[in-house]
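Take a look at the structure set out below.
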Amino acid sequence: MCLMNTLSLFLVTLLSAGCASSAPLRGTTLPMGMDSRRSGLEMVYVSGGRFTMGGNDAVDDGGPPGSLDECPHEVTVGDFLIGKSEVTQDAWAEVLGHRPSYFSGCRNCPVEQVSWDDAQEFIQKLNGRSGERYRLPSEEEWEFAARGGLKSNNFLYAGSDNAADVAWHDANSEGRPHTVGALRPNELELFDMSGNISEWCEQSKKPYPCDPVGKYFDSRILRGGSWSNREGSVRVRDRNGRGSYVRLNTVGFRLARSVGVKK
């Protein structure tokens, strides 16, 4: 059984379902009445390891001729926690007290129209209430988790080779984001890592070490693609970026947290 401490002004919440594989993060609780499975605060433990990041797809990302934006290279990540879903509109409203999303009629849809800077404000406030150290995932952690971690089946999208199984994108979204967790999860039981909403990562966009002519961008990394993207842009290895101040109705985020080394 998973027991969480109280946030300021909130009651203790006791959650017993699904604790073997995922649980709301110790030290936090969800606001009264919020569905823990659809908040963005339920976390999944990811055992770290070594993997090949990127791939050999031919990609036209607008970079200089010869740029290899997604070139394959070996990366090692440690153990970490990552949100089972994207942070929702309700979760944002409970923490910051307002609703910035363009598609505001869907309370369990991912919050969007929030910048990287806005996400940092949310995280700072949440950490102050919970005593935890939430953060955005690194790009390496994000891709490792999207691929299914050590359980990866090397799917093109996060959980399937068929985008429609796991991703809301331009061919099936009807021009809007959808409730988190409505499609199939990936191998780690993570939802919407392909499609629905593009997700901020912590660091700035920079070329991979295997990219001989790549350039640095004055932008923060976005991963996963959104409801408005074509299939090619919701692949687990696809990269994008925007300035930290940019707010779009296609952009939101999910949380992560570091953990100690497993014994």
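When all heavy atoms of Asp238 and Ser233 are compared, the pair lying nearest together is OD2-O, 3.5 Å. For the pair Glu140 and Val77, the tightest heavy-atom approach, listed with the atom from each and the gap, is CB-CG1, 3.9 Å. Across Leu255 and Ile123, no two heavy atoms sit closer than the pair CD2-CG1, 3.8 Å. Closest approach of Val44 and Leu188 over heavy atoms only: CG1-O, 3.6 Å. Shown here for Glu187 and Asn153, the closest heavy-atom pair between the two residues is OE2-N, 2.8 Å. The two residues Asp192 and Thr179 have their closest heavy-atom pair at OD2-O, 4.5 Å.
Using a 4.5 Å heavy-atom threshold, the side chains of Trp200 and Leu222 count as touching. You'll find the side chain of Asp118 reaches within 4.5 Å of the side chain of Trp92, heavy atoms only. Two residues are said to be in side-chain contact when any heavy atoms from C-beta on lie closer than 4.5 Å; Val75 and Phe51 meet this criterion. You'll find the side chain of Ile82 reaches within 4.5 Å of the side chain of Met193, heavy atoms only. At a threshold of 4.5 Å between non-hydrogen side-chain atoms, the residues Pro185 and Leu190 do not count as touching. Contact check for Tyr134 versus Met43: side-chain heavy atoms found under the 4.5 Å cut-off. For the pair Glu74 and Thr52, the minimum side-chain heavy-atom distance is below 4.5 Å. Looking at Tyr216 and Lys205, their side chains never come closer than 4.5 Å, going by heavy atoms from C-beta outward.
Counting only distance, with no hydrogens or angles, the side chain of Ser219 and the backbone of Gly241 share no donor-acceptor pair below 3.5 Å. In this structure, Ser101 contributes its side chain and Ser104 its backbone to no donor-acceptor pair below 3.5 Å. Using modelled atom types, one side-chain atom of Asn186 and one backbone atom of Ala145 make a donor-acceptor pair closer than 3.5 Å. Side chain of Asn196 to main chain of Pro177: no donor-acceptor pair is present (N/O by atom type, distance under 3.5 Å, no hydrogens or angles). In this structure, Ser194 contributes its side chain and Val234 its backbone to a donor-acceptor pair below 3.5 Å. Distance alone, capped at 3.5 Å, is enough to place a donor-acceptor pair between the Glu143 side chain and the Gly54 backbone. Within the 3.5 Å criterion, the main-chain N or O of Leu68 finds a donor-acceptor partner in the side chain of Asp211. Checked by atom type and distance alone, the side chain of Arg147 never pairs as donor or acceptor with a backbone atom of Ser152 at under 3.5 Å. Not a single donor-acceptor pair under 3.5 Å links the side chain of Trp142 to the backbone N or O of Gly224. In terms of modelled atom types and a separation under 3.5 Å, the side chain of Asp69 and the main chain of Asn240 share no donor-acceptor contact.
If you take CD on Glu112 and CH2 on Trp227, they are separated by 8.5 Å, rounding to the nearest 0.5 Å. A distance of 13.5 Å separates CG in Asn249 from CZ in Arg247, rounded to the nearest 0.5 Å. For the atom pair CZ (Arg184) and CD (Glu189), the distance works out to 10.5 Å, reported to the nearest 0.5 Å. The OH atom of Tyr245 sits 10.0 Å away from atom CG of Asp117, with the distance rounded to the nearest 0.5 Å. Rounding to the nearest 0.5 angstrom, the gap separating the CG atom in Leu136 from the CD atom in Gln203 is 9.5 Å. With rounding to the nearest 0.5 angstrom, the CG atom of Leu81 is 9.0 Å from the CZ atom of Arg135.
Cluster annotation: Leu126 and Val259 are assigned to the same hydrophobic cluster (Ile/Leu/Val/Met/Phe/Trp/Tyr, side-chain heavy-atom contacts under 4.5 Å, transitive). Grouping the Ile, Leu, Val, Met, Phe, Trp and Tyr side chains by contacts below 4.5 angstrom, directly or via other members, places Phe103 apart from Val111. Hydrophobic clustering places Phe122 together with Val246 (ILVMFWY residues linked when any side-chain heavy atoms are closer than 4.5 Å, directly or through intermediates). Hydrophobic clustering, with ILVMFWY side chains joined whenever heavy atoms are under 4.5 angstrom apart, keeps Phe155 apart from Val236. Taken together through direct or relayed side-chain contacts under 4.5 Å among Ile, Leu, Val, Met, Phe, Trp and Tyr, Phe191 and Ile197 form parts of separate hydrophobic clusters.
The residue from Glu199, Glu139, Glu141 that alone fulfils the salt bridge (charged side-chain N to carboxylate O under 4.0 Å, His left out) condition with Arg223 is Glu139.
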- Mind running side-chain contact (heavy atoms from CB on, under 4.5 Å) on Asp79 and Ser47 for me, showing each step along the way? CA-CA 5 Å; Asp79 301 345; Ser47 297; 4.2 Å; yes

- Query: When you look at Ser258 and Arg133, which way does the side-chain hydrogen bond (donor to acceptor under 3.5 Å, both in side chains) test go after all the steps?
  - Reply: CA-CA 8 Å; Ser258 302; Arg133 295 184 179 179; over 6 Å; no

- Under the side-chain contact (heavy atoms from CB on, under 4.5 Å) criterion, do Glu202 and Gln120 qualify, and how do the steps go? CA-CA 9 Å; Glu202 185 61 38; Gln120 297 298 330; 3.5 Å; yes

- Task: Any chance you could lay out the side-chain contact (heavy atoms from CB on, under 4.5 Å) test for Ser226 and Leu248, step after step, and finish with the verdict?
- Result: CA-CA 11 Å; Ser226 79; Leu248 298 170; over 6 Å; no

- Message: For a side-chain contact (heavy atoms from CB on, under 4.5 Å) check, start with the C-alpha distance between Tyr157 and Arg235, then their side-chain angles and the critical distance, and finish with the verdict.
- Response: CA-CA 5 Å; Tyr157 309 100; Arg235 295 167 302 125; 3.9 Å; yes

- Audit row: Asp90, Arg107, salt bridge (Lys or Arg N to Asp or Glu O under 4.0 Å) steps and yes/no: CA-CA 5 Å; Asp90 264 6; Arg107 297 170 58 181; 3.0 Å; yes

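Pairs of residues two or more places apart, or lying in two chains, that qualify as disulfide (SG to SG under 2.5 Å) and include a residue from residues 81-164 are Cys106-Cys109. For residues 170-222, the pairs satisfying disulfide (SG to SG under 2.5 Å) are Cys71-Cys210, with sequence neighbours left out.
Under a cutoff of 6.0 Å and an axis angle of 45°, Arg239 and Tyr208 form a cation-pi pair.
Using a 30° and 60° split on the angle between ring planes, Phe80 and Phe144 fall in the tilted class, from 30° to 60°. Taking the six-membered ring where the residue is Trp, His178 and Trp168 present parallel rings, their angle staying beneath 30° rather than reaching 60°.
Using modelled atom types, one finds a donor on one side chain and an acceptor on the other under 3.5 Å when comparing Arg50 with Thr76.
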